[in-house]
Amino acid sequence: MKKKLLSLMLSLAMVATIFAGCGKSGDTATTGDATTVEDAADAAADAVGNSDLADKKVGVCIYQFADNFMTLFRTELENYLIAQGFSKENITIQDGANDQATQTGQIQAFIADGVDVLIINPVNSSSAATITDMVVDAGIPLVYINREPDADEEQRWADNNWDVCYVGCDARQSGTYQGEIIADLGLDAIDFNGNGKVDYVMIKGDPENIDAQYRTEYSIKALEDAGLEVNKLDEQVGMWDQAQGNQLVANALSKYGNDLEVVFCNNDAMALGALEAIQAAGRTVGEDIYLVGVDALTEVCEDVLKGTITGTVFNDHISQADSAADAAINYITGGSNEHYIGCDYKKVTKDNAQDILDLLK
Ligand code: BGC
């Protein structure tokens, strides 16, 4: 993003120089010089930041700061908002500490403070209707991120023509990609115990979260769609958390031993925990077990390159954060948004892990 902005600024500066040069060589354009250069400078200012946004207040609620993925998301969100012209001091980001009551209090405080827009990553997606009512009653536009409210709730935004939207990716796609990464290895490579099946454990994120539900379902569906027979040894809830992922996979390894062939984790944080457990048990990814996650955290892409994690799926926090900020700006400047703003996932294997790492720099 920073690179894009820099090159844009450089190009505009070059245009400004060329215009200034043209003016000087013209015999009647003496007054035009300044105007032209100013216009180009204004254009440059507009391109890197809309000064009208400098005094607008943005309230951001994150379900929990102690979440690797949401940390990447909120960092990009803040940087992008500033690049668009918001002042850093007018962007307030609150940590919901994974507690809906805490977050609801933060939303009420933002409303009392008269923020111009709210960007909310709800602790519980099922609280969305209550949140929407509060925010819409206060006349504040609202952009939900990362945890998608249900279809009935989204329908209400459309039916009432409210300034409310959701920005995120369809988690079915990420689950499908996880399953395909494993299916593409072929049964012979996966079936270490020779029972003709893919023996797996599933480590789930927060089960209230649609991403956890869809990734769990669609990763296995992709295996079955590829004609593979599956055998679920265990399914456990790791709440998106590395330490919990570690403990759950350690338990599964001691319980199922060499029969455990594939570990599916709904996200990369839990996959990193799983990897520690796999290594502690003396197992080797790619040789006697496989492991997949979702998000494409830098550390995990490095593991994928080394072969210590079989694959992951890029959950594009950059595009999601930028789209959420753009949607907020549209509302503030009197425009509108689609109620659902999507984004594609990308499969990450050894073949393209370096490309993703380059993108994350
Ligand atoms: C990410 C997880 C994250 C969760 C938070 C998911 O989309 O893959 O890493 O913990 O969002 O809601």
Side-chain angles (χ1 to χ4, degrees), residues 60-77 93-100 103 119-128 131 143-150 166-178 181 202-219 236-246 248 264-275 291-301 303-304 309 311-321 323-324 340-348 356 360:
V60 182
C61 290
I62 300 295
Y63 96 93
Q64 168 161 246
F65 278 7
D67 178 295
N68 318 32
F69 175 75
M70 288 315 301
T71 300
L72 294 173
F73 198 128
R74 74 183 143 94
T75 307
E76 171 64 21
L77 182 61
I93 309 184
Q94 294 286 15
D95 179 3
N98 206 18
D99 181 69
Q100 189 56 60
Q103 185 177 69
I119 300 176
I120 297 181
N121 167 217
V123 173
N124 296 329
S125 319
S126 55
S127 297
I131 296 172
V143 179
Y144 282 106
I145 52 169
N146 173 258
R147 295 185 157 187
E148 189 174 359
D150 64 22
Y166 170 73
V167 176
C169 308
D170 182 345
R172 283 172 285 208
Q173 188 185 41
S174 52
T176 302
Y177 285 165
Q178 285 189 294
I181 290 170
M202 180 67 67
I203 307 297
K204 292 183 70 172
D206 182 348
E208 207 256 0
N209 200 193
I210 194 79
D211 287 13
Q213 294 162 22
Y214 278 156
R215 288 175 193 164
T216 299
E217 180 184 348
Y218 281 77
S219 52
Q236 294 287 340
V237 172
M239 296 302 287
W240 304 119
D241 179 68
Q242 180 163 348
Q244 293 195 44
N246 175 273
L248 295 170
F264 284 98
C265 293
N266 282 173
N267 78 344
D268 276 357
M270 296 188 296
L272 285 169
L275 176 59
L291 170 63
V292 279
V294 176
D295 282 336
L297 300 179
T298 299
E299 213 176 332
V300 171
C301 290
D303 278 312
V304 172
I309 290 182
T312 184
V313 181
F314 181 38
N315 190 0
D316 190 343
H317 63 275
I318 303 170
S319 146
Q320 290 172 73
S323 297
Y340 180 92
I341 299 168
C343 159
D344 270 329
Y345 284 100
K346 201 176 171 80
K347 222 183 267 186
V348 184
I356 303 295
L360 294 174

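Side chains included, hydrogens not; waters and symmetry mates left out as well; all remaining heavy atoms used. Atoms within a ligand are numbered from 1 in the order they appear, just like the ligands themselves.
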Chemist: Could you list the residues that satisfy salt bridge (Lys or Arg N to Asp or Glu O under 4.0 Å) with R74, not counting sequence neighbours?
Modeler: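 Applying salt bridge (Lys or Arg N to Asp or Glu O under 4.0 Å) to R74 gives none.
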Chemist: Only one of V292, D295, V294, L291 forms a side-chain contact (heavy atoms from CB on, under 4.5 Å) with C265, so which one is it?
Modeler: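 When V292, D295, V294, L291 are each tested with C265, the side-chain contact (heavy atoms from CB on, under 4.5 Å) holds only for L291.
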Chemist: Do Q173 and D344 have side-chain N/O donor and acceptor atoms under 3.5 Å apart?
Modeler: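 Yes, a side-chain donor-acceptor pair sits under 3.5 Å.
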Chemist: Between Q320 and N315, do the side chains contain a donor N or O and an acceptor N or O under 3.5 Å apart?
Modeler: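 Note: N315 and Q320 side chains meet the donor-acceptor criterion.
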Chemist: Got the residues with a heavy atom under 4.0 Å of ligand 1, by chain and number?
Modeler: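 For ligand 1, the contacting residues are Y63, D67, F69, N146, R147, N209, D211, R215, W240, N267, D295, N315.
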Chemist: Only counting residues at least two apart or in another chain, list the ones meeting salt bridge (Lys or Arg N to Asp or Glu O under 4.0 Å) with K346.
Modeler: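 K346 satisfies salt bridge (Lys or Arg N to Asp or Glu O under 4.0 Å) with no residue once adjacent residues are dropped.
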Chemist: With Y218, which residues qualify under ring pair (Phe, Tyr, Trp, His ring centres under 6.0 Å), at least two apart?
Modeler: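 Scan of Y218 (ring pair (Phe, Tyr, Trp, His ring centres under 6.0 Å), adjacent residues dropped) gives Y214.
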